[in-house]
Amino acid sequence: MMTDTVAKRSYGIDVASYQSTDVSYINTKFVLVKLTEGTNYLNPKAAAQIKSAKDHGLLVAGYFYANHSSSITTAKAEAKYAVTKAKELGIPEGSYIADDFEQGNGNDATGAVNQNTDAILAAMQIIKDAGYKPLVYSGAYILRNNINSSRIIKSFGTCLWVASYKIMGRQDSADFAYFPSMDGVAIWQFTDNYHGLNVDGNIALIDLKINSSVKSNKINEEALSLHPIVKWDIEAVAVVSNTKGAYIYTDSKLTKRVSNDLKPLGSIWKVISCQNGAVKVGKDQYFDGRAVYIKLNPIAYNDNKHAVVKIVMPNTHALYEPKADSDKAYAFKLNDRAEIVGRSGRFLKLKDSYKGKTVYVTGNRAYIVL
């Protein structure tokens, strides 16, 4: 039976028509299968490779080789073709599909950075709307120089699949002394010759999970009732509530879009101010106020407010005093929740005392649940 979760630091492979239909390679927990290229090509081995992955209990995902360059229209068409084939071939909804954006073989990665990024974002939104989790694949150089990766991460979270090889030739394991230090990396492809088997070797930097409830274009009451979490000093956030997402504009009169990519439902943005019914979230960046809802953070305004916090970092402890070098009272587990009754600077005062003493938790380790 196919697995639906792969732990962080697990190894996996990616395959195309050059590889065998049997994908049970050594020490492999997941496999990304090439599905399509452009809008006409289908990997003739894809069906058999996907079946093999499932038969061997591997988490199975897919990718399409981009021919869209910086064209938004073409990117959308290629992504639609890929997700259609993904469904037909049995890639489970809630799994991952990547836009493989490289230089050559029908794709030009040397276009303007923002135009390349707009096209990739358009493809990724199609993937997400189809019920899959979008990734973008490329080499470290292109991700750093030909794509605005920070925009992609801001829209889709940890979603980069980066190729960066310490050596050209056989590698059996990932050497993290060579890891290309980048934000937002979900998967690192560290070799094109894993265990000498002439197959790409990858390592997951996040827990890979198949979740069939990832569709973001179908709003429900539960989705809008979810409480965002913010650091104690964030005064307010805007949450995209429009079912199809929301555009960012360059001015409060909403006369010109920053780009044509929609920010997805549920994405959270720090509020700077509200002007003319628009919500400012950055320099020359505004949402239409009708496309978002705003939540205030009371503890940022009032040191004595009550609130609930969520532990967001491992190895977090309750402290006897509101200072960094305080003695530790007890440990929290990641994602624990606790009630606070105020703060002293960045230290949040916990409602429940410990051994008769007031205790605190550091505000960069416990975020306010709004």
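Bear in mind that the values here come from a model prediction, so they are computed numbers and not experimental data.
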Flag if over 12 foreign heavy atoms under 6.0 Å of [atom1], [X]:
X: Tyr178; atom1: OH; value: yes
X: Arg290; atom1: CZ; value: no
X: Lys45; atom1: NZ; value: yes

Is the backbone N or O of [Y] less than 3.5 Å from a side-chain atom of [X], with the two atoms forming a donor-acceptor pair by type?
X: Thr84; Y: Lys80; value: yes
X: Asn145; Y: Tyr141; value: yes
X: Asn198; Y: Asn193; value: no
X: Asn211; Y: Gly94; value: no
X: Arg346; Y: Asn364; value: no
X: Asn107; Y: Phe101; value: no
X: Asp336; Y: Lys333; value: yes
X: Gln285; Y: Thr250; value: no
X: Asn297; Y: Trp232; value: yes
X: Thr358; Y: Ser353; value: no

Heavy-atom closest pair, residues [X] and [Y]:
X: Pro228; Y: Val239; answer: CG-CG2, 4.1 Å
X: Ala329; Y: Val359; answer: CB-CG1, 3.9 Å
X: Ala140; Y: Pro180; answer: CB-CB, 4.3 Å
X: Gln49; Y: Asn43; answer: OE1-ND2, 3.1 Å
X: Leu197; Y: Tyr25; answer: CD1-CD2, 3.6 Å
X: Leu348; Y: Ile368; answer: CD1-CD1, 4.1 Å

Roughly how far apart are [X] [atom1] and [Y] [atom2], rounded to 0.5 Å?
X: Asp22; Y: Ser52; atom1: CG; atom2: OG; value: 4.5 Å
X: Ser17; Y: Glu37; atom1: OG; atom2: CD; value: 9.5 Å
X: Asn116; Y: Ser69; atom1: CG; atom2: OG; value: 7.5 Å
X: Ile248; Y: Leu262; atom1: CD1; atom2: CG; value: 10.0 Å

Between [X] and [Y], does any side-chain N to carboxylate O distance fall below 4.0 Å?
X: Arg151; Y: Asp118; answer: yes
X: Lys166; Y: Asp175; answer: yes
X: Lys253; Y: Asp251; answer: no

Just checking, Lys357 and Tyr320: is the charged tip under 6.0 Å from the six-membered ring centre and within 45° of the axis?
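Yes, Lys357 and Tyr320 form such a contact.
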Over-ring placement of Arg9 relative to Phe176, 6.0 Å and 45° cut-offs
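Satisfied, under 6.0 Å and within 45°.
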Using ring centroids (six-membered ring only for Trp), state whether Phe190 and Tyr11 fall under 6.0 Å.
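Yes - the distance between ring centres of Tyr11 and Phe190 falls below the 6.0 Å cut-off.
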Aromatic contact between Tyr330 and Tyr354, with the criterion being ring centroids under 6.0 Å apart: yes or no?
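Yes; Tyr354 has its ring centre under 6.0 Å from that of Tyr330.
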Run the ring-ring contact (aromatic ring centres under 6.0 Å, His included) check on Tyr96 and Tyr132 step by step: do they pass?
CA-CA 6 Å; Tyr96 301 81; Tyr132 294 100; 9.7 Å; no
Criterion salt bridge (Lys or Arg N to Asp or Glu O under 4.0 Å) on Lys305 and Asp303, from CA distance to verdict
CA-CA 6 Å; Lys305 279 289 186 181; Asp303 293 354; over 6 Å; no
Checking side chain to side chain contact (heavy atoms under 4.5 Å, CB included) between Ile153 and each of Thr158, Asn148, Val185, Leu160, which is the one that passes?
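Testing each of Thr158, Asn148, Val185, Leu160 against Ile153, the sole residue satisfying side chain to side chain contact (heavy atoms under 4.5 Å, CB included) is Leu160.
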Between Asp99 and His68, is there a side-chain donor-acceptor contact under 3.5 Å, judged purely by atom types and distance?
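Side-chain D/A pair, His68 to Asp99: present.
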Taking atom types as modelled, find out whether Asn67 and Glu78 have a side-chain donor-acceptor pair closer than 3.5 angstrom.
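The criterion, which ignores hydrogens and geometry beyond distance, is not satisfied for Glu78 and Asn67.
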